[in-house]
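One structure is given below, encoded as structure tokens.
Letters A, B, ... mirror the listed sequences (proteins, then strands); counts begin at 1.
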Number of protein chains: 2
Amino acid sequence: MLELKNLPDEHILKKFADRYEDADIQKVLRFLTLLHVATDLSNGLDRYLGSHALLQGRWWVLILLMREDEGISTPSSLAEKAGVSRATMTGLLDGLQRDKLVTRMVAPKDRRQTLIKLTGKGQAKLDEVMPDYYRRVKQLMAVLTEEEGQALQKVLLKLSQHAEIFD
Amino acid sequence: MLELKNLPDEHILKKFADRYEDADIQKVLRFLTLLHVATDLSNGLDRYLGSHALLQGRWWVLILLMREDEGISTPSSLAEKAGVSRATMTGLLDGLQRDKLVTRMVAPKDRRQTLIKLTGKGQAKLDEVMPDYYRRVKQLMAVLTEEEGQALQKVLLKLSQHAEIFD
DNA sequence: TGCAAATAGTTAGGTAGCTAACTATAGTGA
DNA sequence: TCACTATAGTTAGCTACCTAACTATTTGCA
């Protein structure tokens with residue numbers, strides 16, 4: 001996602017609105033602000049994870065594995081839960097395996113499958129990263145009042161139900 | 001950004017909260033929902049732009065050029081305004097130039113610089129894409145009441161002022 | 001039973017992002 | 001003036017995403 005350092009000021013938006021009649025300046029600003037702020041926060045999260053030699057993709061795979069009893073899953077299941085293609089998951093697992101944070105094993109029941117297991121080193125990496133991650137998220141979201149936090153959640157869910165407007 | 005198809009349910013978050021004491025379940029859910037919904041909307045926007053042989057990065061460069069009088073800028077300036085590295089901008093401009101949506105010219109004043117100009121074909125591409133983009137954004141944001149829209153904007157700006165919490 | 005369809009995973013090739021290192025040019029100060 | 005520093009842009013090599021095409025295996029049904 002593009003970061004959009006400079007959101008358009010209202011003057012520029014008006015120039016566009018003159019050429020493109022359907023533009024609703026306030027609504028466009030809100031839409032771009034949502035993408036912009038989320039990208040900022042996502043980049044911030046990546047900076048934090050990067051300081052522990054992780055990035056969001058790999059970090060999320062470790063979390064999905066920790067959610068499982070035994071810390072075992074399959075590439076397909078992980079891809080579906082992370083919302084990425086199986087091809088992308090292959091690449092993420094290659095990196096995690098190289099760093100010995102997960103292992104690949106052949107599944108005895110179905111020889112098409114590969115079982116992915118969180119290693120001790122992988123669990124240790126999560127134990128290193130998660131406490132501070134939770135502290136920072138708590139600190140960030142605490143800048144909102146409880147009412148604001150609830151309102152944000154409600155409004156976001158409402159928008160997410162209409163993301164297919166772009167299809 | 002990772003899409004997080006399945007946000008954690010409260011049961012799983014509790015398992016994590018037991019191991020990592022500082023976790024605040026509600027706040028983490030709100031944070032992840034923000035990233036998740038913004039990613040969904042960003043992907044939707046990319047699907048729409050993709051149907052016109054554009055993606056967010058290239059589309060945004062065209063918009064930045066149209067903001068300029070004469071439709072002229074430089075790679076450095078575009079990179080700064082788009083919030084990407086100059087290396088990334090080189091790649092975006094390579095693609096746009098290949099599709100003849102922009103042209104590169106040597107700057108007469110400073111021979112280190114390259115001037116980037118929006119072509120007629122580039123402006124035509126914007127004229128093809130923007131009206132429907134504005135219609136769809138208007139339609140999407142109209143699912144919120146005016147009060148909800150204002151509250152969203154306010155809360156997002158508040159959060160963006162604390163994105164450095166991850167540093 | 002045996003072959004077609006479905007599924008699991010990988011590979012190949014594309015876009016979009018990054019940092020670090022490089023070249024060319026411009027500016028500056030002893 | 002001339003060497004140092006700063007700036008503009010590109011290249012190289014990395015991560016992470018995609019789709020399409022491929023291999024191996026399993027499933028299902030005629």
Euclidean distance, atom [atom1] of residue [X] to atom [atom2] of [N] [Å, nearest integer]:
X        : N      : atom1 : atom2 : result
B/Gln97  : D/dT10 : CD    : C1'   : 13 Å
B/Leu45  : C/dA16 : CG    : C1'   : 14 Å
B/Arg47  : D/dT19 : CZ    : C1'   : 15 Å
B/Lys109 : C/dG27 : NZ    : C1'   : 17 Å
A/Asp99  : D/dC14 : CG    : C1'   : 13 Å
A/Asp94  : C/dT10 : CG    : P     : 7 Å
A/Gln56  : D/dA16 : CD    : P     : 10 Å
B/Leu49  : C/dT15 : CG    : P     : 16 Å

Determine the interplanar angle of the A/Phe16 and A/Tyr20 rings, folded into 0 to 90°, and report it as parallel if under 30°, tilted if 30 to 60°, perpendicular if over 60°.
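Tilted, since the angle between the ring planes falls between 30° and 60°.
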Given A/Val61, which partner from the list A/Leu101, A/Leu54, A/Val84, A/Leu93 fulfils the side-chain contact (heavy atoms from CB on, under 4.5 Å) test?
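Of A/Leu101, A/Leu54, A/Val84, A/Leu93, side-chain contact (heavy atoms from CB on, under 4.5 Å) with A/Val61 is met by A/Leu93 alone.
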Is any side-chain N or O of [X] closer than 4.0 Å to OP1 or OP2 of [N]?
X       : N      : answer
B/Thr88 : C/dA16 : no
B/Thr90 : D/dT10 : yes
A/Arg98 : D/dC14 : no
B/Ser76 : D/dG9  : yes

Among [options], the nucleotide that comes nearest once only the side chain of [X] is considered:
X        : options                : result
A/Leu92  : C/dG9, D/dC17, D/dC18  : D/dC17
A/Leu55  : D/dG9, D/dT25, D/dT15  : D/dT15
B/Asp110 : C/dA8, D/dA8, C/dA26   : C/dA26
A/Ser85  : C/dG9, D/dT19, C/dA26  : D/dT19
A/Val84  : D/dT11, D/dC17, D/dA16 : D/dC17

A/Asp132 vs A/Arg135, test: salt bridge (Lys or Arg N to Asp or Glu O under 4.0 Å). Steps then yes/no.
CA-CA 5 Å; A/Asp132 213 33; A/Arg135 263 193 297 279; 3.3 Å; yes
Using a heavy-atom cut-off of 4.0 Å across all strands, would you classify B/Ala87 as base, sugar-phosphate, or nothing?
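Touches a base.
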A/Met89 side, atom CE; A/Thr74 side, atom OG1 - distance, nearest 0.5 Å
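Reported value, rounded in 0.5 Å steps: 9.5 Å.
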Are the side chains of B/Tyr133 and A/Val28 in touch, meaning some heavy atoms are under 4.5 Å apart?
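Result yes, sub-4.5 Å side-chain heavy-atom pair found.
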Contact check, side chains of B/Ile116 and B/Leu96, non-hydrogen atoms, under 4.5 Å:
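Side chain of B/Ile116 against side chain of B/Leu96, heavy atoms only: no contact under 4.5 Å found.
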Among residues 159-167 of chain A, which contact DNA chain D at a heavy-atom distance under 4.0 Å?
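The stretch gives none, as no residue of it lies under 4.0 Å from the strand.
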For the backbone of A/Asp167 and the side chain of B/Arg136, can you confirm whether one donor and one acceptor N or O come within less than 3.5 Å of each other?
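Present.
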Is the side chain of A/Lys100 donor-acceptor paired with the backbone N or O of A/Thr119 at a distance under 3.5 Å, no angle test?
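Between the backbone of A/Thr119 and the side chain of A/Lys100 there is no qualifying donor-acceptor contact (under 3.5 Å).
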So which protein nitrogen or oxygen atoms get under 3.5 Å of nucleotides 5-7 of chain D's nitrogens or oxygens?
| residue | atom | partner | partner atom | Å |
| --- | --- | --- | --- | --- |
| D/dT7 | O2 | B/Arg112 | NH1 | 3.0 |

Pick one: which of A/Gln153, A/Glu147, A/Glu146 meets side-chain hydrogen bond (donor to acceptor under 3.5 Å, both in side chains) with A/Gln150?
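Considering A/Gln153, A/Glu147, A/Glu146, a side-chain hydrogen bond (donor to acceptor under 3.5 Å, both in side chains) with A/Gln150 is found only for A/Glu146.
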Quick one: do B/Arg104 and B/Asp94 satisfy side-chain contact (heavy atoms from CB on, under 4.5 Å)? Show the steps, please.
CA-CA 9 Å; B/Arg104 277 184 169 96; B/Asp94 285 348; 3.0 Å; yes
Quick one: on DNA chain D, does A/Arg111 or A/Met89 contact a more 5' nucleotide (nearest heavy atom)?
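Whichever sits nearer the 5' end wins; that is A/Met89.
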